[in-house]
2 protein chains.
Amino acid sequence: MLEWLKEPELNFPGQLEHGGFEHGVCVGQIQAKAGLTQSTVSEYLSILQRAGFIEAKRVGQWTYYKRNEGAFEALSKLIQSNL
Amino acid sequence: MLEWLKEPELNFPGQLEHGGFEHGVCVGQIQAKAGLTQSTVSEYLSILQRAGFIEAKRVGQWTYYKRNEGAFEALSKLIQSNL
DNA sequence: CAAATATATCGACTTTTCCCGATATATCAA
DNA sequence: TTGATATATCGGGAAAAGTCGATATATTTG
């Protein structure tokens, strides 16, 4: 999912009908591509959000998720320095 | 364990009586510090070895493990580029 | 407000990982 | 060769993670 969200336009063409990509991609799009149930995907995303790898923005009935690039940079640096 | 192995002299003083640090640190030293059973630690180390994070060298009845720094560098870069 | 839609949460079940004790293997010393 | 020591492997029970269906919550539309 994290890799998919690097290129939302490429990986989630259906997102066009849901307000575009400004705020990210909504759960339904990710669910369809993942082939997992809605509940599973929703839980995954909330875990990734709590871990700081993605950000959520609720707009109306939709929740948009997008990557937080800073977190990946930080993880990479952490492995370099602490591990 | 991986962090411990960054500074073997500091974290495994007992290793001095086991041939020094040239080849790394032997399992018993790591086990004592980890507070886990011998079998658990041995399994961990072999997993880390298969994953490429540490290297093993058998000398007599001892197996010495030391870090493979390249693997950490590679992981850090992989997160930067692929994730 | 009621129905429809999108997402979140809950409880249960399955799969995987963690960790142990017992045992096997390898080496050394006598 | 025998006993002692260090490590590895195996089988199993406990803990955690993955996944689901059912249901709850929030929002929009009529």
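First the proteins, then the strands, lettered A, B, ... as listed; each starts at 1.
- Toward the 5′ end of DNA chain D lies the nearest nucleotide of B/S42, the other residue of the pair B/S42 and A/I47 mapping further downstream.
- Between C/dA8 and A/T63, a contact under 4.0 Å exists linking OP1 or OP2 to a side-chain N or O.
- Closest to the B/R58 side chain, of the nucleotides C/dA8, D/dT7, D/dC20, is D/dT7.
- Spacing between atom CH2 of A/W62 and atom P of C/dA6 amounts to 7 Å, rounded to whole angstrom units.
- Atom OH of A/Y64 and atom C1' of C/dA6 are 10 Å apart (whole Å).
- Using a 4.0 Å heavy-atom cutoff across all strands shown, B/L45 reaches no nucleic acid atom at all.
- Side-chain contact between B/Y64 and B/E22 is absent, with no heavy-atom pair separated by less than 4.5 Å.
- If you find the closest nucleotide of DNA chain D to A/Q38 and to A/Q61, the one lying nearer the 5' end belongs to A/Q38.
- For B/Y65, no side-chain nitrogen or oxygen approaches OP1 or OP2 of D/dA6 to under 4.0 Å.
- Distance from the side chain of A/H18 is smallest to C/dA6 among C/dA6, C/dT7, D/dA6.
- Distance from the side chain of A/T37 is smallest for D/dG21 among the nucleotides D/dT9, C/dT7, D/dG21.
- For D/dA22, the OP1/OP2 oxygens have no side-chain nitrogen or oxygen of A/S39 closer than 4.0 Å.
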